[in-house]
Amino acid sequence: MTITRFAPSPNGPLHLGHAWSAIVGHDRAKADDGAFLLRIEDIDGVRSRPELADAFRRDLEWLRLDFREVAPQSQRIATYRDAADSLRAMGLLYPCRCTRTEIAAAATRMGPDGPVYPGTCLHRPIAPAPGVVWRLDMEQATDLCGPLTWLDERRGEQQARPEVFGDVVLWRKDAPASYHLAATLDDAADGVTCVTRGLDLFHASHVHRLLQALLGLEVPVWHHHSLLVEADGRKLAKRRDAPALSDRRLAGEDGRAVAAELRHGLLDTGISFADTLFQPA
């Protein structure tokens, strides 16, 4: 059975870009008579607001998307910690106290997330302490796993290239786990068979495929959909005050009609679909 998921963070309201992502996941599952899950990613400290999670549920119902909710990330911390401990025991994690400014100054190349960490702390004797993050020794991890592939339903088989990210952070100082670690473990625990998400996360799947190999997890297929972008080419974003679904819902708009318009590519003025990939150096 095909199982997909929509996994929003309750640190801002949903907008049309989120609606499109939810619709893609919902329709992909329903096409195979499968299940569409809602998972709340609520481990972003004080930015995670329970009232927004409640609004998300109402927004999906307003769009007429049938979903089954699974445990939020805040109930999975022990799982993340166990996985990090396992990787640490394998000698694959190391502590780092470099700041973003220091990384930007020392980096020699750019990756999907910005300046690639140059491995400054890899061989430094740093004691675990508050303010220290834990990074994956990417070279050692990729050597251990060997060549890996993963399948995107829209772009075919991919050779895994997690090295484009450098030594990614897996355990943060301001939250229990990084997106890479938490999302990979969550999808495995929830039995997700098709990971539907936007093209902005395409390259993250290289890292997630590596983590699946390291931790012995089942490997899903991926489906990276087009993004909704503004007139200047930037994707719709909470931080730029993209109009909230909840405002449209409370104003009395028909959610079923909004979903139908998105399915048919009928977008608000100034918004369009983008289907291009960022190519890391």
Side-chain angles (χ1 to χ4, degrees), residues 3 5 7 73 76 78-96 98 103 107-124 126 128 132-172 176-197 199-224 277-281:
I3 300 175
R5 89 294 190 271
Q73 287 189 334
R76 304 173 187 243
T79 300
Y80 307 151
R81 184 175 292 108
D82 288 346
D85 288 344
S86 176
L87 294 172
R88 195 177 292 111
M90 296 166 67
L92 296 177
L93 295 188
Y94 65 91
C96 169
C98 293
I103 294 169
T108 58
R109 64 184 176 93
M110 298 293 289
D113 286 342
V116 172
Y117 181 70
T120 307
C121 293
L122 178 56
H123 299 296
R124 285 182 174 176
I126 297 174
V132 167
V133 302
W134 288 85
R135 292 183 177 275
L136 178 68
D137 184 336
M138 186 62 73
E139 182 177 2
Q140 187 175 350
T142 53
D143 285 348
L144 179 64
C145 292
L148 299 169
T149 62
W150 56 277
L151 178 66
D152 179 77
E153 291 187 328
R154 300 183 64 221
R155 285 174 166 77
E157 186 174 75
Q158 304 291 317
Q159 293 293 324
R161 295 182 57 218
E163 66 275 4
V164 300
F165 283 85
D167 292 357
V168 293
V169 172
L170 293 187
W171 199 262
R172 297 163 51 187
S178 73
Y179 168 74
H180 295 304
L181 182 62
T184 301
L185 291 168
D186 293 344
D187 287 339
D190 293 334
V192 173
T193 64
C194 181
V195 177
T196 59
R197 59 189 179 202
L199 273 173
D200 55 327
L201 291 169
F202 184 91
H203 294 290
S205 299
H206 293 297
V207 177
H208 300 184
R209 179 65 187 90
L210 175 63
L211 290 176
Q212 289 158 358
L214 291 172
L215 296 169
L217 305 176
E218 292 293 322
V219 180
V221 298
W222 282 262
H223 181 109
H224 293 91
L277 274 175
F278 165 74
Q279 297 296 333

Considering all heavy atoms, the nearest [X]-[Y] contact:
X: V116; Y: G166; result: CG1-CA, 3.7 Å
X: A141; Y: L210; result: O-CD1, 3.9 Å
X: A182; Y: Q73; result: CB-NE2, 3.6 Å
X: R209; Y: A160; result: CG-CB, 4.4 Å
X: V195; Y: P220; result: CG2-CG, 3.8 Å
X: Q140; Y: G91; result: OE1-O, 3.3 Å

- prompt: Pick one: which of H180, H203, H224 meets ring-ring contact (aromatic ring centres under 6.0 Å, His included) with H208?
  reply: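 Looking at H180, H203, H224, the match for H208 under the ring-ring contact (aromatic ring centres under 6.0 Å, His included) is H180.
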
- prompt: Please walk me through it: do S205 and W222 pass side-chain hydrogen bond (donor to acceptor under 3.5 Å, both in side chains)?
  reply: CA-CA 8 Å; S205 299; W222 282 262; 3.2 Å; yes

- request: Mark yes or no for whether D167, through its side chain, and M138, through its backbone, hold a donor-acceptor pair below 3.5 Å.
  value: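 Yes.
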
message: Main chain of R161, side chain of H206: is a donor-acceptor contact present, judged purely on distance under 3.5 Å?
response: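 Pair found, side chain donor or acceptor close to backbone of R161.
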
Spacing of [atom1] belonging to [X] relative to [atom2] belonging to [Y], to within rounding of 0.5 Å:
X: L211; Y: T184; atom1: CG; atom2: OG1; value: 5.0 Å
X: E218; Y: Q212; atom1: CD; atom2: CD; value: 9.5 Å
X: L148; Y: Q159; atom1: CG; atom2: CD; value: 9.0 Å
X: D190; Y: I3; atom1: CG; atom2: CD1; value: 8.5 Å
X: W134; Y: S178; atom1: CH2; atom2: OG; value: 14.5 Å
X: L214; Y: C145; atom1: CG; atom2: SG; value: 3.5 Å

- prompt: Could you walk me through whether L136 and L93 pass the side-chain contact (heavy atoms from CB on, under 4.5 Å) check?
  reply: CA-CA 5 Å; L136 178 68; L93 295 188; 4.2 Å; yes

L181 side chain reached by R172 side chain, heavy atoms, under 4.5 Å: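 Not in contact.
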
message: If you apply the rule side-chain contact (heavy atoms from CB on, under 4.5 Å), what do you find for D186 with V192, and how did you get there?
response: CA-CA 9 Å; D186 293 344; V192 173; over 6 Å; no

query: Stepwise, does the side-chain contact (heavy atoms from CB on, under 4.5 Å) test hold for L87 with L215?
result: CA-CA 8 Å; L87 294 172; L215 296 169; 3.9 Å; yes

- prompt: Just wondering, are more than 12 heavy atoms of other shown residues or ligands nearer than 6.0 Å to CD in E153?
  reply: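 Check passes, neighbour count above 12.
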
- request: Please report the C-alpha distance between R81 and W171 in whole Å, then the side-chain angles of each, then the deciding distance to 0.1 Å, and finally whether the side-chain contact (heavy atoms from CB on, under 4.5 Å) criterion is met.
  value: CA-CA 9 Å; R81 184 175 292 108; W171 199 262; 4.0 Å; yes

